[in-house]
Every structure is written in structure tokens, then in C-alpha cells.
A.B. asks: 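The structure follows.
Numbering of residues begins at 1 and proceeds along the displayed sequence. These figures come from a predicted structure and were not determined experimentally. Numbering of ligands and ligand atoms starts at 1, following listing order. Below, all heavy atoms of this structure are taken into account, side chains as well, without hydrogens, waters or symmetry copies.
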Amino acid sequence: MAVRTLSHVDVYAGYPEKKVTLYMLMLGFFALLLGTFFGPLQALNYGGIDAYPLLKPLVQSYYQGLTLHGVLNAIIFTQLFAQALLVYLPARELRMRPNMTLAWISWWMAFIGLGIAAIPLLGNAATVLYTFYPPLKGHWAFYVGAAIFVLSSYVSIYLVLDLWRRWKRANPGKITPLVTYLSLTHWLMWFLASLGLVVEVAVFLIPWSLGLIEGVDPLLSRTLFWYTGHPIVYFWLLPAYVVAYTILPKVAGGKLISDPLARLAFLLFLLFSVPVGFHHQFADPGISSGWKFFHTVLTLMVAVPSLMTAFTLAASLENAGRARGGKGLLGWIRALPWGNPVFLGPTLGLISFIPGGAGGFVNASFPLNQVIHNTTWIVGHFHLQVATMVTMSAMGAAFFLIPHLTRKPLVGIGYARASQWLWFIGMNLMGFALHWMGYLGVPRRAHISEVASQYQGAAPFMALNAISGVILFVAAGFFFYVIFATALQNRRLPEAQTPEIPFTEVVSGPEGNRVAQLTDRVGFWFAVAVILIVVAYGLPLIQMFTSLNPVPGMRLW
Ligand code: HAS
Ligand code: HEM
Ligand code: CU
């Protein structure tokens with residue numbers, strides 16, 4: 001393979017958007033690196049082993065580590081991955097350049113916001129966990145930094161809207177190309193979804209942490225948080241779905257079965273992602289069970305697009321396996337490219353998403369939730385969802401994106417492969433153990449290694465948890481080695497050999513398809529989504545805003 005050294009200027013001259021995308025992506029993976037570091041320590045904690053005394057004085061407590069883990073992984077990494085992927089892919093698909101000034105502004109806002117929030121987090125002045133429920137009160141810099149960070153995503157929303165509008169103007173009457181449509185609905189959903197968090201932080205938490213107001217209402221804050229906190233999980237998930245729909249079938253050697261079904265799935269996410277947040281508040285007093293039930297029904301609605309996705313993708317993978325010569329009922333599975341790490345990440349993620357999604361139905365059902373709420377069951381659920389499905393899709397994407405953006409060939413393909421298998425095995429073992437421990441009543445968010453003898457009934461699963469923590473530590477080491485060694489090497493391929501983005505072809509396209517045409521009326525559907533939110537949240541929020549019970553802040557650490 002011809003490899004030579006080129007200066008940075010040469011590489012990005014024709015494609016300035018590649019550079020900003022690379023910066024977004026690598027900042028995100030850097031956050032994941034720091035955040036993931038605490039994961040194995042938490043897994044050891046749930047195996048009865050307390051490693052935290054070793055971290056003093058750098059990390060003061062289990063809860064400081066847990067806050068860093070949740071914030072860096074679930075808030076910072078996920079958003080940066082969306083900002084990298086779902087601005088770049090539509091720009092590539094439309095062959096258009098996003099507004100570069102704004103693109104850099106979004107990166108700087110994310111970077112500065114992260115920097116400001118990091119100071120109190122690292123200094124143990126905002127050990128409030130990633131849900132920052134009042135009356136826990138962190139340092140104002142945490143809320144201000146987080147706000148700047150989240151607002152940087154609004155710039156990304158604008159960038160994609162702007163690309164789409166420019167394209168529509170130049171192509172009147174044509175249907176939006178698939179990747180752009182999926183990205184657009186994702187960003188519009190996030191705009192509606194983020195409003196709760198923005199109001200919570202800007203109107204209540206920042207003034208409160210600055211001492212401008214005396215107290216805040218915990219119930220209203222929790223409600224505003226979960227208004228965003230549920231749909232945020234789809235904000236994390238949909239970039240992974242974009243990889244699964246528009247890249248994975250091609251990588252697997254086949255085609256996406258149906259373009260209109262992919263559009264319909266994303267449209268359903270736009271409609272139903274937001275008005276379901278009460279399923280995180282079944283145990284909260286002050287919300288009537290009628291409203292909680294209504295949100296349960298809508299939660300089951302928002303599972304529909306994932307069920308659709310399962311069938312569309314399974315059929316697309318079967319199409320690929322058969323195209324590669326796989327025969328018989330299951331022979332197509334063996335024929336898939338299991339040696340390709342770009343295939344492994346999203347596919348192993350999807351497989352893990354099946355038990356994770358099934359657990360979601362348990363969580364969403366009113367009576368069963370009473371059994372598993374606030375136990376490690378929930379931790380098991382979302383590690384299969386966000387820490388496996390979403391994270392592994394991002395890892396798989398990194399294996400083709402970094403070489404595409406930098407023209408640097410992937411380093412250590414064997415490590416890349418091993419990282420994906422080990423991550424998959426580790427997360428599924430841990431997910432299994434955590435679900436079971438939760439069923440036995442082991443609480444989440446508990447420094448239980450201090451009192452491990454209390455949970456002897458769960459001992460075998462606790463041991464499994466510690467083992468999976470070690471496996472995941474090795475998996476993470478391999479993964480970060482591969483991506484940073486790839487990005488930091490100084491070998492580059494010549495321009496003619498730039499690896500292309502593997503956009504997939506489709507078996508059934510949008511042309512002349514009634515469903516696809518209907519889904520393209522984005523403004524109309526956005527309005528329907530707003531109406532659904534007003535119906536599901538309007539009255540309860542009016543009640544909460546008109547009967548505030550503010551309480552002063554507390555610092556428990
Ligand atoms: Fe959840 C709690 C319900 C999806 C994340 N969830 C959480 C928390 C997080 C989270 C972080 O109703 C904890 C928050 C906290 O700290 O307190 N969740 C659901 C439901 C779904 C769901 C019904 N969650 C997600 C996703 C997440 C996520 C996605 C992140 C990305 N969740 C809940 C509830 C709670 C909750 C309650 C509150 C519990 C409590 O009491 O606190 C659904 O959207 C899931 C639908 C998924 C499916 C699976 C479809 C399968 C697919 C794969 C197909 C595979 C193929 C591969 C094609 C129906 C698409 C084939 C391959 C071959 C080789 C053949
Ligand atoms: C919490 C382990 C990676 C997101 C936890 C907990 C454990 C754990 C045991 C429960 C702590 C408790 O409830 O006290 C691990 C391991 C990882 C890993 C071993 C891999 C090496 C990830 C990734 C993400 C993630 C990649 C997201 C992208 C979260 C979140 C929490 C959590 C949001 C909840 C924090 C809270 O309750 O405040 N993790 N994790 N984890 N993890 Fe992970
Ligand atoms: Cu939820």
C-alpha cells in the first residue's frame with residue numbers, strides 16, 4: 001500500500017468540514033476515555049471490591065467518580081458523536097458544505113462548555129450525578145458549563161436545517177435524500193426534547209446556584225429533567241440507527257431493504273420520543289396515576305419504531321448474507337463479514353439491544369417498575385442500550401470515519417476486532433449480572449463494597465460483575481489504542497486512495513412511494529409533535545408551575 005507523509009494543509013484544503021468533524025469526534029472519544037475509566041471501578045464495587053481509597057486524593061469519593069462517569073459518557077460523548085456524525089454525513093450525501101464559521105463555533109462552544117463544567121467536576125464541587133436532581137446543589141460553573149455545552153448542539157441543529165433548506169431550494173419537489181432526512185428528524189426531535197433541560201437549567205438551577213433565588217422545587221425540576229431525559233436516550237440512539245440503516249448493510253455486503261420504512265421509523269421517533277418522561281417518575285409523588293398511565297401508553301408507542309427497525313435491519317443483513325453466498329435458514333449469518341471491525345461494532349451492538357429493549361418493556365410497565373426501580377436492573381438495561389448499542393456503533397463508525405477524515409489507515413485491526421468482541425462479551429455479562437442483582441433488590445448508585453456482606457444472596461452475580469469489569473477494561477484499552485494510534489500516526493494515504501463513506505444502496509427506494517412522500521412534510525409533522533407534547537405535559541406542568549414548593553440546596557459530599 002502506498003503511504004506517504006503529507007502536511008495537514010494538504011489533507012483538509014478541499015474539505016474543511018472534515019477537520020471540524022474530526023475534532024468533534026476525537027473530543028467525544030476523549031470524554032469517553034476519561035468517563036469509561038471509572039466503569040470498571042464501579043463494576044468492582046458491585047463485585048464487593050473497593051478500589052476508591054487508591055484514587056485519593058485525585059478522586060474524593062465513589063460518587064465523584066460516578067458523576068464523572070455519567071456526565072462524560074452519557075452527556076458529553078453521546079452529544080459530540082451526534083454532532084460529528086449527523087452534520088458530516090448529510091453534508092457528504094448532499095455534496096454540500098455546512099456553514100464553516102458556525103461549525104467551528106459549535107466545536108468551540110462544546111469545548112469551552114466542557115472545560116468550564118470540568119473544573120467543579122474534577123474539583124469535587126459538583127458531585128451531583130448526571131441527573132443533578134435538586135436539592136443536591138452543585139457549583140454554578142457546572143450548570144453554566146453544561147448549558148454552554150448543550151447549546152452548542154443548537155448550532156448543529158441550525159447547520160443541518162440550513163443544509164436541508166439550501167438543498168430543497170436547489171431541488172424543488174424532490175424528496176429529501178435518506179441520510180439527510182434521518183439526520184433532520186433527529187435534530188428536530190432533539191430541539192423539542194432539549195427544551196425541558198434548557199428551562200430547568202437556565203430558569204432555575206443557574207440562578208439558584210448563584211444565590212439569586214433561595215430554592216427550587218424538586219418535583220418540577222425532576223419533571224423538566226425527565227421531559228428531556230427520556231428523549232435524550234433517542235438523541236443518543238438515532239445516530240447509531242443512522243449507522244445501522246445507511247452504512248451497515250453496505251459494509252455487510254448487501255442493501256437496505258426499505259428506504260421508506262427507515263423514514264417512517266424516524267418520523268415516529270420525532271412524534272413519540274418526547275411525551276413519555278413520566279415513566280422515569282412512576283415512584284414520584286405529586287403526579288397523578290392517570291398521567292403516568294398515559295405516558296406508559298406513549299412509551300409503548302415509541303417502542304414501535306425500534307421493533308420496525310429490528311425487522312428491517314434483520315432483513316437487510318439477511319440480504320447481505322445471501323448476497324455473499326450464505327445458504328439455508330441460518331447459513332447467511334455465518335456468511336456475514338465477522339472479521340471486519342466496522343461490521344462488528346454496530347452488529348454486536350444491535351444484538352445486545354434486543355435484551356436491552358426487552359428489559360425496557362419491563363421498566364415501562366407500571367407494576368413491574370415497582371420491583372426494579374432504583375435497583376441495578378436499570379443499570380443493566382441502559383448499559384445494553386447506551387453503553388453497548390450506541391457506544392459500539394460509534395466505535396464501528398470510528399473505524400471507518402477516522403481513516404476517511406484523515407486519510408490515515410487503521411492501525412491494529414486485530415486489536416480493533418478484539419476490542420469489539422471483548423466489549424460485547426463484557427457488557428452482556430455485566431448486563432446479565434446487573435439485571436439479576438437488581439431483581440434480588442441490590443440498589444443502584446450505592447457504594448456497596450463498603451457493606452458487601454449485606455448482599456450475600458447476590459454473591460455469584462457480584463463476582464460476575466467484577467469479572468466483566470476487568471474484561472471491559474481490556475476492551476477499552478484495545479479500542480482507545482486503535483483510534484488514538486490511528487489518528488496520531490503520521491502516515492497518510494495519497495488523495496486518490498481516500499477511503500469513501502460506505503453509504504448503502506436500497507432495494508426499495510422512496511420514488512413514487514406514498515409513505516415516503518408523506519413523511520417528507522417535515523413542518524407538518526413537527527407541528528403534530530408539538531401538539532402531542534402539549535397534550536401529554538401541558539396540564540401537569542401548569543399545575544407544577546402554579547404550586548411551587550421551593551426548597552434550599554444541600555451538599556451531601
Ligand atoms: Fe430505557 C431507564 C424504558 C430504550 C437508556 N433507559 C433508562 C435509563 C437510561 C435508559 C439511561 O419505562 C436510566 C436513567 C436513569 O439514570 O434513571 N427504554 C425504555 C423503553 C425503551 C428504552 C421502553 N433506554 C432505551 C434506549 C436507551 C435507554 C434506546 C439509550 C440509548 N428506560 C425505560 C424506562 C426507564 C428506563 C421505563 C425508567 C426505569 C426506572 O424505573 O428508573 C425502548 O425504546 C426499547 C425499544 C427497543 C427494542 C429492541 C429492538 C431491537 C433491535 C435490534 C435488532 C437486531 C438486529 C441484529 C437486526 C424493541 C432494533 C440481527 C443480527 C444478526 C447477526 C442476525
Ligand atoms: C453507571 C459500569 C461504560 C453510562 C454504571 C454503573 C456501573 C457501570 C457498574 C453503576 C454504578 C452505580 O449505580 O453505582 C460500566 C463499565 C463500563 C461502562 C464497566 C465500561 C468499561 C459506560 C458507557 C456509558 C455508561 C460507555 C455511556 C456511554 C453510564 C451511566 C451510568 C452508569 C449513565 C449511571 C450513572 C448514575 O447513576 O449517576 N456504569 N460502565 N457507562 N454508566 Fe457505566
Ligand atoms: Cu425513558
A.B. asks: Determine, using heavy atoms of Arg444 and all atoms of ligand 1, whether some pair is separated by less than 4.0 Å.
C.D. replies: yes

A.B. asks: Verify the ring-centre separation between Phe399 and Phe479: is it less than 6.0 angstrom?
C.D. replies: yes

A.B. asks: Return the residue, atom name and 0.1 Å-rounded distance of the protein heavy atom closest to atom 6 (C) of ligand 2.
C.D. replies: Gln42 NE2, 3.4 Å

A.B. asks: For residues Leu464 and Phe432, report the shortest heavy-atom separation together with the two atoms involved.
C.D. replies: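 Of all heavy-atom pairs spanning Leu464 and Phe432, the closest is CD2-CD2, 3.8 Å.
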
A.B. asks: Below 4.0 angstrom from a heavy atom of Leu237, which ligand 1 atoms are there? Numbered from 1 as shown, please.
C.D. replies: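 It comes down to these atoms of ligand 1: 29 (C).
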
A.B. asks: Answer with yes or no whether Phe366 contacts ligand 1, where contact means a heavy atom under 4.0 Å from a ligand atom.
C.D. replies: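 Under 4.0 Å: no for Phe366.
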
A.B. asks: Just to be sure I read this right, does ligand 1 sit under 4.0 Å from the backbone of Asn374, its side chain, both, or neither, counting only heavy atoms?
C.D. replies: neither

A.B. asks: Ring pair (Phe, Tyr, Trp, His ring centres under 6.0 Å), that's the test. Do Phe191 and Trp187 meet it? Break it down for me.
C.D. replies: CA-CA 6 Å; Phe191 175 71; Trp187 286 117; over 10 Å; no

A.B. asks: Does ligand 2 come near enough to Thr78 that some N or O of the ligand is less than 3.5 Å from an N or O of the residue?
C.D. replies: no

A.B. asks: Under 3.5 Å, is there a donor-acceptor pair linking the side chains of Arg445 and Thr131?
C.D. replies: yes

A.B. asks: Considering non-hydrogen atoms only, spot the tightest contact between Leu238 and Met189 and give its length.
C.D. replies: CD1-CE, 4.3 Å

A.B. asks: Nearest to atom 60 (C) of ligand 1 by heavy atom, Ser306, Ala315, Ser316: which?
C.D. replies: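 Among Ser306, Ala315, Ser316, the closest heavy atom to atom 60 (C) of ligand 1 belongs to Ser306.
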
A.B. asks: When you compare ligand 2 with Tyr62, is there at least one nitrogen or oxygen pair between them that comes in under 3.5 angstrom?
C.D. replies: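 Yes, Tyr62 has an N/O under 3.5 Å of an N/O on ligand 2.
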
A.B. asks: Any heavy atom of Ala476 sitting closer than 4.0 Å to ligand 2?
C.D. replies: no

A.B. asks: Short list, please: which atoms of ligand 1 are under 4.0 Å from a heavy atom of Thr299?
C.D. replies: 23 (C)

A.B. asks: Does a donor on one side chain sit under 3.5 Å from an acceptor on the other, for His230 and Tyr234?
C.D. replies: yes

A.B. asks: Evaluate the ring planes of His69 and His383, with Trp represented by its six-membered ring, and classify them as parallel (under 30°), tilted (30 to 60°) or perpendicular (over 60°).
C.D. replies: parallel

A.B. asks: What do you reckon, does Arg444 have a nitrogen or oxygen under 3.5 Å from a nitrogen or oxygen of ligand 2?
C.D. replies: yes

A.B. asks: Mind telling me whether Tyr241 and Phe266 have parallel, tilted or perpendicular rings, with 30° and 60° as the class edges?
C.D. replies: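 If you compare the ring of Phe266 with that of Tyr241, the planes turn out tilted.
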
A.B. asks: So which heavy atom on Ser419 is nearest to which on Ala475, and how close?
C.D. replies: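 For Ser419 and Ala475, the tightest heavy-atom pair comes out as CB-O, 3.6 Å.
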
A.B. asks: Where's the contact between Leu350 and ligand 1, heavy-atom distance under 4.0 Å: side chain, backbone, both or neither?
C.D. replies: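 Looking at Leu350 and ligand 1, atoms from backbone and side chain both fall under 4.0 Å.
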
A.B. asks: Have a look at ligand 1 and work out which part of Val233, if any, has a heavy atom under 4.0 Å from it: side chain, backbone, both or neither.
C.D. replies: both

A.B. asks: Is it true that the side chains of Asn369 and His279 contain a donor and an acceptor less than 3.5 Å apart?
C.D. replies: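 On atom types as modelled, these side chains do not qualify, holding no pair under 3.5 Å.
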
A.B. asks: Should the ring pair Phe366 and Phe282 be called parallel, tilted or perpendicular, given that the plane angle runs from 0 to 90° and is split at 30 and 60?
C.D. replies: tilted

A.B. asks: Judged by non-hydrogen atoms, does Trp377 sit under 4.0 Å from ligand 1?
C.D. replies: no

A.B. asks: Is the distance between atom 1 (Fe) of ligand 1 and the nearest N/O/S atom of His381 smaller than 2.8 Å?
C.D. replies: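 For His381, the answer is yes, given that an N, O or S atom comes within less than 2.8 Å of atom 1 (Fe) of ligand 1.
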
A.B. asks: Would you say Tyr130 touches ligand 1, if touching means a heavy atom closer than 4.0 Å?
C.D. replies: yes

A.B. asks: Looking just at side-chain N and O atoms, do Trp377 and Asn363 make a donor-acceptor pair shorter than 3.5 Å?
C.D. replies: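 The criterion, which ignores hydrogens and geometry beyond distance, is satisfied for Asn363 and Trp377.
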
A.B. asks: With the threshold set at under 4.0 angstrom, would you say Thr376 reaches ligand 2 through any of its heavy atoms?
C.D. replies: no

A.B. asks: Any N or O on Thr391 sitting closer than 3.5 Å to an N or O of ligand 2?
C.D. replies: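 No, no N or O pair falls under 3.5 Å.
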
A.B. asks: Do any nitrogen or oxygen atoms of His69 come within less than 3.5 Å of a nitrogen or oxygen of ligand 2?
C.D. replies: yes

A.B. asks: Looking only at heavy atoms, is any part of Val379 under 4.0 Å from ligand 2, and if so is it the side chain, the backbone, or both, or is it neither?
C.D. replies: side chain

A.B. asks: Is it true that Gln64 and Thr127 share a donor-acceptor pair across their side chains at a distance under 3.5 Å?
C.D. replies: no

A.B. asks: Do Thr223 and Tyr537 have side-chain N/O donor and acceptor atoms under 3.5 Å apart?
C.D. replies: no

A.B. asks: Angle subtended at the Cu ion (ligand 3) by NE2 of His279 and ND1 of His230, to 10 degrees?
C.D. replies: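 NE2 of His279 and ND1 of His230 make an angle of 100° at the Cu ion (ligand 3), to the nearest 10°.
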
A.B. asks: Please could you name the atoms of ligand 1 that Ala310 approaches to less than 4.0 Å, counting only its heavy atoms?
C.D. replies: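 Within the 4.0 Å cut-off of Ala310, ligand 1 contributes 51 (C), 52 (C), 54 (C), 58 (C), 60 (C).
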
A.B. asks: Is any N or O atom of Arg445, backbone or side chain, closer than 3.5 Å to an N or O atom of ligand 2?
C.D. replies: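 Yes, Arg445 has an N/O under 3.5 Å of an N/O on ligand 2.
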
A.B. asks: Applying a 4.0 Å heavy-atom criterion (strictly less than), which segment of His447 is in contact with ligand 2: side chain, backbone, both, or neither?
C.D. replies: neither

A.B. asks: Please list the nearest protein heavy atom to atom 39 (N) of ligand 2 with its residue and the distance rounded to 0.1 Å.
C.D. replies: His383 NE2, 2.8 Å

A.B. asks: Under a 4.0 Å heavy-atom limit, does Tyr241 contact ligand 1 with its side chain, its backbone, both, or neither?
C.D. replies: side chain

A.B. asks: Under a heavy-atom criterion of less than 4.0 Å, does Tyr234 contact ligand 1?
C.D. replies: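 Contact check Tyr234 vs ligand 1: positive.
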
A.B. asks: State whether a side-chain donor-acceptor pair under 3.5 Å links Ser316 with Asn319.
C.D. replies: no

A.B. asks: With atom 40 (C) of ligand 1 as the reference point, say which of His230, His373, Met308 has the nearest heavy atom.
C.D. replies: His373

A.B. asks: After noting the C-alpha distance and the side-chain angles of Tyr46 and Phe461, does the key distance pass the ring pair (Phe, Tyr, Trp, His ring centres under 6.0 Å) rule?
C.D. replies: CA-CA 9 Å; Tyr46 277 99; Phe461 305 104; over 10 Å; no

A.B. asks: Where does Phe473 meet ligand 2, judged by heavy-atom distances below 4.0 Å: at the side chain, the backbone, both, or neither?
C.D. replies: neither

A.B. asks: What part of Ala475, side chain from CB on, backbone N/CA/C/O, both or neither, has a heavy atom under 4.0 Å from ligand 2?
C.D. replies: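 The answer is neither.
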
A.B. asks: Is there a nitrogen or oxygen of Ala364 sitting under 3.5 Å from a nitrogen or oxygen of ligand 1?
C.D. replies: yes

A.B. asks: Report the part of Leu317 in contact with ligand 1, treating N, CA, C, O as backbone and CB onward as side chain, heavy atoms under 4.0 Å; options are side chain, backbone, both, neither.
C.D. replies: side chain

A.B. asks: Ring centres of Trp190 and Phe235 under 6.0 Å apart?
C.D. replies: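 Centroid separation for Trp190 and Phe235: below 6.0 Å.
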
A.B. asks: Classify the side-chain pair Thr504/Tyr245 by whether it contains a donor and acceptor separated by less than 3.5 Å.
C.D. replies: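 Tyr245 and Thr504 do not have a side-chain donor-acceptor pair below 3.5 Å.
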
